[in-house]
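Heavy-atom basis, side chains included; hydrogens, waters and symmetry copies ignored. From a predicted model like this one, the values you see are computed outputs, not experimental measurements.
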Amino acid sequence: MNTNIVLVLVLAPFLGFLINVFLGKSLGKTLSGVIGTLSVLISFVATVYFFGGIAAQPEGIKISLFDWIQISNFSVDFGFQLDQLSVLWLLFVTGIGTLIHMYSISYMHDDANMHKFFAYLNLFIFFMIVLVVGSNLLVLFIGWEGVGLCSYLLIGFWYKNQEYNDAAKKAFIMNRIGDLGLLVGIFIIGNLFSTLDYASLKTAISSATDIDMYMLSIAAFALFIGACGKSAQIPLYTWLPDAMAGPTPVSALIHAATMVTAGIFMITRLNFIFDLTPYVQTIIAIIGAVTALVAATIGLIQNDIKKVLAYSTVSQLGLMFLALGLGAYEVAVFHVITHAFFKACLFLGSGSVIHALHGEQDMRNMGGLKKVMPITFATMLIASLAISGVPLFSGFFSKDEILLVAFHQNIPLWVVGSIASIMTAFYMFRLMFLTFFKEFRGTAEQKSHLHESSSLMTIPLIVLAILATVGGLISLPGNSWLNGYLIPILPKLATAEHHFGTTEYTLMAIAVVGALIGIGLAYSKYIKQNSVPVADAEITGFAKVLYNKYYVDEFYDALFVKPINFLSQFFRDTVETGLSSLVYGFGKVTNELSYQGKKIQTGSIGLYLFVFVLGLCAIISYLFLAQ
């Protein structure tokens, strides 16, 4: 019974992909969207079924479909594993995925390739499910590479725009760099323990007495490099802001619920390995904190509404990695869940705004939209309050726990995380004030067409706003349902203390004051002073550095892209030209020899007999002399 339901859960989106690939065009736009949405909804319903039953099976459900690799004492099966961690991930992957599919029916309705879009979305969800439910690292790697492929297809979906193609290629290539690290980690772990199965790895590590800690640390660091690629941490973060080039539902899917959470999932799944490598954990925490701060500073000055949200995603992911590096895996998972709610709401809300403005994304050309788009405004306001850490919204609880853990373990990282959080509140309400308040700054034609989005777009926004409001209830301070649920995955939670004292409440107050300061600064600048960001050409000083993202892309271009292009041109123009001349030279010699050889083909029998006799005499002479 369980096997069949697991297969339905995994394969339903793949079936939707196949239907839309082969029949989508003939089915029509709306029907192809409905089929794509229902296929993900089926997976969500199956996940809810397992969520209800997993409490009675704390050890989880494991299904082995067939033996995959068998070499000496090393074996890997193709199997799926459903436990507390995978079910939690599936809930927001398939749940939010369903809402994004539903939203896309209206958002993409005018696109001629709508069936192809839903095919790619379904394939994306399928590979993410495979990544989450795989029972070993090789099955995870299939899903890992699959979501990378789908991100390439979806970011570059509007392929007639060369910038979108470049963004898709950038995402694909930078993820391949991280994926090489993941592969190295997998190979080392397979060599150390002769297994890649999660349960077997945990048993082998807990019972081993002579683990090669040096190689295990290298493996953990290599795995972290893989996580940096997927979850956009320094230095492999620059692809994610560019990923907003695709249709807005793609941005919501990548940034909120699927691909970027893969790194956090993998590290949490292998927590028993990272717990043994404290130096790697320290690196993870530092990289996470620095990423959170750097991305937040860039977000302060961006004017593209989706770029602001993209850098906020990078910053929030940095906070999650800060928690992972401090060993607070459950806190990172908590923030992943709440972030999925409010970030999906924010991206879909920005899509609603862009849809109403016929593609306009520059906040300098917006303003005054709260009157004509009240639902979009209200839902994005709730999500902005959540991401800013305002009580009693979901982000307040999860972000506060990260800062709390950081304060108790590493005060400098707490300071960095706190500054990043204050900046988050500022740039999110900068976005809200520039987009929805004061007077409309766009064209008269845009103003005449302003309208609230259809119910297919606003219903997902409302649901996500509700979740962004109440999502924090799953892990209240001192009374966390989530921590109790994750005890089979993170056994140390069974003995962890969750008391709150003066220090904890003081830290919560500091975090709240910080959020209010950020909001207040944004209000003062963009409401009271009625400030509007200047044109790109007028940006000067350090603001220009921030606007150009610290010139990291230019640095990578100078360090990697241009030298590789120069090398390729050298081989094309010099080496390949020389090789071509050499090859053509052999051809010319052969042609000349054949041309000279043709001259002896006269057709004279007497000449042929004369040559024959000369040859015969030569052979006899050779044989005679050889004796």
Side-chain angles (χ1 to χ4, degrees), residues 9 12-13 16 33 36-48 50-51 85-108 117-118 120-129 131-133 143 147 150-151 154 231 243-244 246-262 264-265 309 312-313 316-317 320 333-352 379-380 382-383 386-387 393-395 398 456-472 474:
L9 189 159
T37 304
L38 286 176
S39 66
V40 182
L41 179 61
I42 290 170
S43 293
F44 176 68
V45 171
T47 301
V48 172
F50 284 114
F51 177 73
L85 185 65
S86 57
V87 168
L88 275 178
W89 237 265
L90 287 173
L91 280 173
F92 66 77
V93 168
T94 59
I96 295 177
T98 300
L99 294 174
I100 292 173
H101 276 69
M102 176 181 172
Y103 177 99
S104 301
I105 295 174
S106 178
Y107 190 89
M108 297 295 292
F117 180 79
F118 275 95
Y120 293 164
L121 281 186
N122 282 166
L123 191 64
F124 200 129
I125 296 291
F126 164 73
F127 277 122
M128 191 65 196
I129 292 174
L131 187 156
V132 170
V133 302
V147 294
C150 292
S151 69
L154 286 165
S231 297
M244 58 89 202
T248 301
V250 175
S251 303
L253 197 61
I254 292 176
H255 286 248
T258 55
M259 187 169 167
V260 298
T261 69
I264 295 102
F265 174 83
L309 297 178
S312 79
T313 298
Q316 298 304 306
L317 289 169
M320 297 172 204
V333 171
F334 183 25
H335 200 51
V336 166
I337 294 171
T338 60
H339 178 263
F341 297 152
F342 55 68
K343 186 50 62 67
C345 184
L346 286 168
F347 261 110
L348 295 185
S350 71
S352 179
T379 53
M380 286 191 71
I382 290 170
I387 194 175
F393 296 91
S394 61
S398 57
L456 280 174
M457 293 172 65
T458 55
I459 289 174
L461 285 173
I462 293 169
V463 173
L464 290 167
I466 293 171
L467 292 173
T469 303
V470 303
I474 65 174

request  = Heavy atoms only: give me the nearest Phe265-Ser86 pair and the separation to one decimal.
outcome  = CE1-CA, 4.3 Å
Closest approach of Ser251 to Ala243 (non-hydrogen atoms, all atoms of both residues) = OG-O, 4.1 Å
query = Is there a side-chain contact between Leu461 and Cys345, using heavy atoms and a 4.5 Å cut-off?
reply = yes
query = Just wondering, do Leu464 and Leu346 contact through their side chains at under 4.5 Å, heavy atoms?
reply = no
ask   = Between Ser39 and Pro13, is there a donor-acceptor pair closer than 3.5 Å when you use the side chain of the first and the backbone of the second?
value = no
ask   = Could you state the interatomic distance from OG1 (Thr261) to CH2 (Trp89), rounded to the nearest 0.5 Å?
value = 5.5 Å
query = Is a donor on one side and an acceptor on the other found under 3.5 Å between the side chain of Ser394 and the backbone of Gly472?
reply = no
ask   = Taking all non-hydrogen atoms of both residues, which atom of Leu348 and which atom of Pro249 are closest, and how far apart?
value = CD2-CA, 4.4 Å
key: From CA spacing to verdict: side chain to side chain contact (heavy atoms under 4.5 Å, CB included), His255, Leu309   = CA-CA 9 Å; His255 286 248; Leu309 297 178; over 6 Å; no
note = Rounding to 0.5 Å, atoms OG1 (Thr258) and CZ (Phe92) come to a distance of 9.0 Å
remark   = Taken to the nearest 0.5 Å, the spacing of Thr47 OG1 from Ile42 CD1 works out to 11.5 Å
inquiry  = Any heavy-atom pair between the side chains of Val132 and Met128 that's under 4.5 Å?
reply    = yes
request  = Supply the atom-to-atom distance Ile254 CD1 to Met244 CE, rounded to the nearest 0.5 angstrom.
outcome  = 12.0 Å
key: Atom of Met259, atom of Val147 and distance for their closest heavy-atom approach   = SD-O, 3.7 Å
query = Do we see a donor-acceptor contact under 3.5 Å between the side chains of Ser398 and Thr338?
reply = yes
request  = Check the pair Thr469, Phe341 against side chain to side chain contact (heavy atoms under 4.5 Å, CB included), reporting the backbone distance first and the verdict last.
outcome  = CA-CA 9 Å; Thr469 303; Phe341 297 152; over 6 Å; no
ask   = Are any of the side-chain heavy atoms of Leu41 and Leu38 separated by less than 4.5 Å?
value = yes
Close side-chain approach of Val250 and Tyr120, heavy atoms under 4.5 Å = no
ask   = Can you tell me how far the CE atom of Met320 sits from the CZ atom of Phe334, to the nearest 0.5 Å?
value = 11.5 Å
note = Smallest heavy-atom separation, Met457 atom then Tyr107 atom, equals CE-CD1, 3.7 Å
Close side-chain approach of Ile382 and Phe342, heavy atoms under 4.5 Å = no
query = What distance separates Lys343 NZ from His339 NE2, expressed to the nearest 0.5 Å?
reply = 3.0 Å
Contact check, side chains of Phe347 and Leu253, non-hydrogen atoms, under 4.5 Å = no
task = Identify the heavy atoms of Gly97 and Ile125 that sit nearest to each other, and give their distance.
result = CA-CD1, 4.2 Å
key: Side-chain touch Tyr103/Ser352, heavy atoms, less than 4.5 angstrom   = yes
Side chain to side chain contact (heavy atoms under 4.5 Å, CB included) between Leu90 and Ser43, intermediate numbers included = CA-CA 9 Å; Leu90 287 173; Ser43 293; over 6 Å; no
key: Evaluation steps, side chain to side chain contact (heavy atoms under 4.5 Å, CB included), between Leu154 and Phe117   = CA-CA 7 Å; Leu154 286 165; Phe117 180 79; 4.0 Å; yes
